[in-house]
Amino acid sequence: MRRLWIGLLGAALLAAGASLFLLFGRKKETVPQVVLTYAENQTKDYPTTQGATYFADLVKERTDGRVEVLVYPQAELGDEISTVQELSWDGIDMVRCSLYTLEDYNPETVVLMLPYLYDSSESMWKVLDGEIGQEIMDSFAGTGMVALSWYDAGVRSFYFRDPVSGMGDLQGRLIRVQQSGIMEDMVKALGATPVPMNYEDVYAGLQQGSVDGAENNWNSYAAMEHYQVAPYFWEDEHIRIPELQLISETTLSALSEEDQKTLRACAAESMRRKSGRSRRRRQGRRRLPGAVR
């Protein structure tokens with residue numbers, strides 16, 4: 001009987017100790033004081049979305065959970081054009097977007113996305129990492145948006161529903177382009193007809209034949225499975241359009257000076273990681289099912 005009481009007492013002490021540990025020993029989770037919305041129109045596994053997620057993780061870690069960034073991929077908050085509009089109205093805190101979306105907000109961005117301006121990713125990054133890149137980022141002052149860091153969207157080429165062997169085959173073809181004056185003028189100069197269309201609508205446009213082809217980078221071509229409806233990829237590499245991580249000026253100014261520095265540092269680190277991933281993916285690219293070069 002004595003042994004039984006000792007056993008029961010020991011079990012009770014263990015249970016009490018475990019309860020005390022759960023009550024006092026568990027690390028208290030920090031409740032976010034600031035929650036920021038981040039709009040991304042690409043899929044969850046797309047490189048820029050991975051970069052945004054990495055950025056969000058860094059911010060949470062380095063602010064001890066006081067600042068949390070919620071990334072919404074796959075255009076959950078709207079397409080790229082509408083989310084930039086919302087950013088300018090302070091309806092969204094952050095976006096990742098292509099420079100073509102920013103032409104109307106900051107005309108100085110046009111100089112960085114002219115056709116055949118760069119001969120490689122390395123040459124583009126020399127510009128973005130240098131004085132010119134910083135000057136363009138600074139030129140967003142007064143727009144209500146603040147540029148935090150560059151991203152590499154890769155090089156863009158054409159792809160079609162039917163075979164194309166050269167420039168001559170572009171004559172009269174309907175080619176989907178971004179809603180950008182530069183892109184429309186470029187396609188017209190090549191003898192084709194530009195058809196402005198939202199990124200999310202391109203698959204249906206190719207499938208239904210409302211456009212004969214489109215142009216984009218390999219990552220987008222694969223992520224949106226455009227190769228299923230446009231298997232002829234013509235790797236002409238006509239343009240590289242840098243991308244930016246942007247934050248609302250109102251949102252940034254509401255943060256403490258320390259948190260502002262943290263956000264900028266995390267954005268710069270996510271840029272370095274993202275750009276490196278983009279180059280490695282290009283070097284190790286494999287042939288996609290149905291795609292030809």
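We count residues from 1, following the sequence as given.
Counting only distance, with no hydrogens or angles, the side chain of Thr37 and the backbone of Ile92 share no donor-acceptor pair below 3.5 Å. The closest donor-acceptor contact from the side chain of Ser270 to the backbone of Ala52 lies at 3.5 Å or more, if one exists at all. The main-chain N or O of Tyr105 is never found under 3.5 Å from a side-chain atom of Thr143 such that the two would form a donor-acceptor pair. One N or O on the side chain of Asn217 and one on the backbone of Ala153 form a donor-acceptor pair closer than 3.5 Å. Proximity of a side-chain donor or acceptor of Asp201 to a complementary backbone N or O of Met197 within less than 3.5 Å is not detected. Side chain of Ser123 to backbone of Asp119: a donor-acceptor contact under 3.5 angstrom is found. The closest donor-acceptor contact from the side chain of Arg240 to the backbone of Met113 lies at 3.5 Å or more, if one exists at all. At least one donor-acceptor pair under 3.5 Å links the side chain of Thr83 to the backbone N or O of Asp79. In this structure, the side chain of Thr101 does not engage the main chain of Cys97 through any donor-acceptor pair within 3.5 Å. At least one donor-acceptor pair closer than 3.5 Å links the side chain of Ser149 to the backbone N or O of Ala267.
At least one side-chain heavy atom of His226 sits less than 4.5 Å from a side-chain heavy atom of Tyr203. At a threshold of 4.5 Å between non-hydrogen side-chain atoms, the residues Phe140 and Val146 do not count as touching. Looking at heavy atoms from C-beta onward, Trp125 lies in side-chain contact with Met271 at the 4.5 angstrom threshold. Between Leu112 and Leu128 there is a side-chain heavy-atom pair separated by less than 4.5 Å. Looking at heavy atoms from C-beta onward, Pro194 lies out of side-chain contact with Met183 at the 4.5 angstrom threshold. Put simply, the side chain of Met145 does not reach to within 4.5 Å of the side chain of Leu244, judged on heavy atoms. Contact annotation: the side chain of Tyr159 never approaches that of Pro231 to less than 4.5 Å [non-hydrogen atoms, C-beta and beyond]. Side-chain contact between Trp218 and Val155: absent, with no pair of heavy atoms (C-beta onward) separated by less than 4.5 Å.
More than 12 non-hydrogen atoms from other residues, nucleotides or ligands lie less than 6.0 angstrom from CG of Leu70. For Glu135, the CD atom sits in a loose shell: 12 or fewer heavy atoms of surrounding residues, nucleotides or ligands are nearer than 6.0 Å. Within a 6.0 Å sphere centred on CD of Glu258, heavy atoms belonging to other residues, nucleotides or ligands number 12 at most.
Here the CD1-CD1 distance, from Ile239 to Ile182, works out to 6.5 Å after rounding to the nearest 0.5 Å. With rounding to the nearest 0.5 Å, the separation of CG in Leu206 from CD in Gln208 is 10.0 Å. With rounding to the nearest 0.5 angstrom, the CD atom of Gln85 is 6.5 Å from the OG atom of Ser82. Annotation: the span from Thr262 atom OG1 to Lys60 atom NZ amounts to 16.0 Å, rounded to 0.5 Å. We find the CE-CD distance between Met124 and Glu122 to be 9.5 Å, quoted to the nearest 0.5 Å.
Placement of Tyr38 and Leu77 in two distinct hydrophobic clusters is found when ILVMFWY residues are connected by side-chain heavy-atom separations under 4.5 Å, directly or transitively. Follow the hydrophobic side-chain contacts under 4.5 Å out from Leu148 and you reach Val34 in the same cluster. Follow the hydrophobic side-chain contacts under 4.5 Å out from Val84 and you never reach Ile247; the two are in separate clusters. Hydrophobic clustering of Ile, Leu, Val, Met, Phe, Trp and Tyr side chains at less than 4.5 Å, counting indirect connections, unites Leu99 with Leu87. A single hydrophobic cluster is seen to contain both Val164 and Met186, as judged by linkage of ILVMFWY side chains at heavy-atom distances under 4.5 Å, directly or through other members.
Ion pairing between Arg62 and Glu269 holds under the 4.0 Å rule for side-chain N and carboxylate O. Between Glu257 and Lys261 there is a salt bridge, with a side-chain nitrogen of the basic residue lying less than 4.0 Å from a carboxylate oxygen of the acidic one.
Side-chain contact of Tyr199 with Gln178: a donor-acceptor pair under 3.5 Å is absent, judged by distance alone. The closest side-chain donor-acceptor pair between Trp150 and Gln245, if any, does not fall under 3.5 angstrom. For the residue pair Thr63 / Asp259, no side-chain donor-acceptor distance below 3.5 Å is found, with atom types taken as modelled.
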- Message: Using the rule given for side-chain contact (heavy atoms from CB on, under 4.5 Å), can you reason through Gln134 versus Glu131, listing the C-alpha separation, both sets of side-chain angles and the distance that settles it, and then say yes or no?
- Response: CA-CA 5 Å; Gln134 187 60 53; Glu131 293 181 5; 5.8 Å; no
- Item | Verdict with reasoning, Asn198 to Gln179, per side-chain hydrogen bond (donor to acceptor under 3.5 Å, both in side chains) | CA-CA 8 Å; Asn198 287 338; Gln179 297 181 39; 3.0 Å; yes
- Message: What verdict does the side-chain contact (heavy atoms from CB on, under 4.5 Å) test give for Met94 and Phe55, after you've listed the backbone C-alpha separation in whole Å, the side-chain angles of each residue and the deciding distance to 0.1 Å?
- Response: CA-CA 12 Å; Met94 297 189 65; Phe55 164 77; 3.6 Å; yes
- Task: Go through the steps for Val229 and Arg161 under the test side-chain contact (heavy atoms from CB on, under 4.5 Å), then give the verdict.
- Result: CA-CA 6 Å; Val229 288; Arg161 288 157 46 91; 5.8 Å; no
- Message: Evaluate Asp212 against Ile175 for side-chain contact (heavy atoms from CB on, under 4.5 Å), listing each step before the verdict.
- Response: CA-CA 6 Å; Asp212 301 311; Ile175 298 179; 5.8 Å; no
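For residues 238-267, every residue pair satisfying the ring-ring contact (aromatic ring centres under 6.0 Å, His included) rule, not counting sequence neighbours, is listed here: Phe158-His238.
For Asp64, the side-chain hydrogen bond (donor to acceptor under 3.5 Å, both in side chains) test picks out no residue, with sequence neighbours left out. Residues satisfying the side-chain hydrogen bond (donor to acceptor under 3.5 Å, both in side chains) criterion with Arg96, sequence neighbours excluded, are Glu40, Asn41, Glu80, Glu243.
Between Tyr221 and Phe233, the ring centre distance stays below 6.0 Å.
Pairing each heavy atom of Ala147 with each of Leu246, the nearest pair is CA-CD2, 3.6 Å. For Val35 against Pro32, the heavy-atom pair with the smallest separation is CG2-CB, 4.0 Å. Shortest non-hydrogen contact noted between Met167 and Leu190 is SD-CD2, 3.6 Å. Pairing each heavy atom of Thr109 with each of Ile136, the nearest pair is CG2-CG2, 4.2 Å. Scanning both residues, Ser220 and Gln42, for their nearest heavy atoms gives OG-NE2, 3.7 Å. Between Pro73 and Lys44, the shortest heavy-atom distance links the atoms CG-CG, 3.7 Å.
Considering Val71, Leu252, Val59, Asp93 in turn, Asp93 is the only one that fulfils the side chain to side chain contact (heavy atoms under 4.5 Å, CB included) rule with Leu36.
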